[in-house]
Amino acid sequence: MNFFETGLSHLNAAAKKIALDPYEVERLSYPERIIEVVIPVTHDDGSARLYHGYRIQHSSLLGPYKGGIRFHPKVDKDEVKALAFAMTIKTATAGIPFGGGKGGVIVDPKLLSDRELERLSRGYVRALYECLGPLKDVPAPDVNTNSRIMYWMADEYERILGFPAPAVVTGKPIEHGGSLGREPATGEGGFYILQEFLAQEKRDPKTIKIAVQGMGNVGSYFVRSAQRAGCRVIAVSDSKGGVFNREGLDISGILRAKEEEKSLVDFTGGKRITNDELLALDADVLVPAALEDAINDGNAGAIRAKVILELANGPLTGNADAMLSEKGVTIIPDVLANAGGVVVSYFEWLQNQNKERWSEEAVLAQLKSVMIKAFAEVHKVSNNMKVPLRIGAYIVALRRLSKAVQRRG
Ligand code: GLU
């Protein structure tokens with residue numbers, strides 16, 4: 001099963017539980033639109049190159065398409081399709097008025113200068129602008145994209161249109177219409193979900209050992225929140241490898257090293273480990289926060305943690321998910337655990353549309369209440385119907401999507 005097929009298998013499992021009309025399942029099994037673009041970029045040395053990218057608009061049943069854009073050499077159509085589908089389920093699980101979409105460009109942004117990156121980001125919007133808009137499709141950051149790139153994209157869109165439309169993109173810098181709290185939102189939101197889960201299980205966060213794979217935006221804000229609540233973060237890693245300390249890592253030191261763009265393998269506050277060693281640690285909670293398929297046939301058998309909090313999108317392959325669920329591991333699914341980013345994107349969109357500015361406290365308080373509500377709904381369905389949390393989340397989402405199909409016919 002590839003990434004998209006894995007999503008469809010979860011969809012089918014959930015649909016079966018609630019006897020969803022096969023037409024509704026079929027409707028969600030295909031994206032509404034697949035857009036493929038070629039972006040010409042002039043490099044600083046005067047040479048020109050073509051970059052290939054996608055925007056896949058999966059569903060607009062509940063509102064404008066919503067979802068990030070990633071810049072990565074391994075982007076492909078199937079991956080973007082799977083991620084767009086996941087956004088439809090995620091926004092519906094969180095109960096926010098958006099559909100699902102995703103974009104990607106095949107590029108290693110580390111090989112581009114700032115100016116080249118800007119030309120690529122603006123070129124992506126020029127190639128796509130007719131399909132974007134605050135009420136049509138609203139991109140946001142994802143892997144290797146950030147607020148600066150979002151600014152270039154929003155600015156390019158507004159230049160083409162000739163008037164301001166800041167709500168066309170979320171995750172912008174604060175001074176250009178971004179929302180306070182958007183940067184920590186995914187990591188922080190993931191921690192709210194873990195807190196709710198631990199409270200249900202009557203477990204004290206201070207007794208919890210956590211291992212986190214991936215120290216990008218999501219992983220770094222998550223460890224910050226986890227440490228603040230007294231959890232013991234025993235291992236973290238980046239793409240080159242990681243560091244482990246049974247007594248708990250010095251998180252401020254780790255975050256400083258990341259800010260200085262140093263790899264964690266050179267961090268001296270613990271023992272060096274590989275990414276596979278991190279996954280196999282005796283942690284209470286394992287947090288994959290990097291890329292899809294990180295936990296797969298090759299390493300799932302070695303996992304010892306009893307709880308997996310999916311902060312990446314699709315970090316478990318279908319097989320790994322089935323095998324670990326069978327073993328009794330609780331998997332808190334991506335569509336719930338990492339929804340904090342898109343929830344605060346919704347708040348940013350609202351602020352832009354209504355010309356408002358919310359304080360960081362207001363944003364985080366609203367985020368917390370949306371995440372707690374989503375967790376409670378998913379947990380209840382999962383308990384009542386005796387299904388894993390992932391299927392519970394899909395059921396919550398499908399009930400909302402199904403009402404929309406019935407309304408629209
Ligand atoms: N890229 C993030 C995600 O996968 C955020 C999407 C958004 O804010 O629209 O959920």
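Order of appearance sets the numbers: ligands from 1, and atoms from 1 within every ligand. Both backbone and side-chain heavy atoms feed into the values below; hydrogens, waters and symmetry mates do not.
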Do Arg122 and Arg126 make a side-chain contact, defined as non-hydrogen atoms from C-beta onward lying under 4.5 Å apart?
yes
Taking side chain as C-beta onward, heavy atoms only, is Pro288 less than 4.5 Å from Ile295?
yes
Interfacing atoms of ligand 1 (cut-off 4.0 Å, heavy-atom, [X]):
X: Val342; result: 7 (C), 8 (O), 9 (O)
X: Ser345; result: 7 (C), 8 (O), 9 (O)
X: Met87; result: 3 (C), 4 (O), 6 (C), 10 (O)

Answer with side chain, backbone, both or neither: which part of Asn313 has a heavy atom less than 4.0 angstrom from an atom of ligand 1?
side chain
Under a 4.0 Å heavy-atom limit, does Arg182 contact ligand 1 with its side chain, its backbone, both, or neither?
side chain
When you measure from the centre of the six-membered ring of Tyr151, is the NZ or CZ of Lys172 closer than 6.0 Å and no more than 45° off the axis?
no
Regarding atom 2 (C) of ligand 1: of the candidates Gly341, Ala185, Pro139, Pro141, which has the closest heavy atom?
Pro141
Protein heavy-atom partner closest to [atom] - residue, atom, separation in Å:
atom: atom 9 (O) of ligand 1; answer: Lys66 NZ, 2.8 Å
atom: atom 3 (C) of ligand 1; answer: Lys90 NZ, 3.3 Å
atom: atom 6 (C) of ligand 1; answer: Gly68 N, 3.7 Å
atom: atom 7 (C) of ligand 1; answer: Ala140 CB, 3.3 Å

Which label fits Phe347 and Trp358: parallel for a plane angle under 30°, tilted from 30 to 60°, or perpendicular past 60°?
tilted
Would Asp44 and Arg115 count as a salt bridge (charged side-chain N to carboxylate O under 4.0 Å, His left out) here? Give the steps.
CA-CA 8 Å; Asp44 295 344; Arg115 294 277 68 85; over 6 Å; no
If we check side chain to side chain contact (heavy atoms under 4.5 Å, CB included) with Gln57, which of these qualifies: Cys131, Pro31, Pro64?
Cys131
Regarding Glu24 and Ser402, do their side chains bring together a donor and an acceptor under 3.5 Å, going by distance alone?
yes
Applying a strict 4.0 Å limit to heavy atoms, is Lys102 in contact with ligand 1?
yes
Judged by atom type as modelled, is there a donor-acceptor pair below 3.5 Å linking the side chain of Asp108 to the main-chain atoms of Lys110?
yes
Polar atom proximity, Asp142 to ligand 1 (N or O, under 3.5 Å):
yes
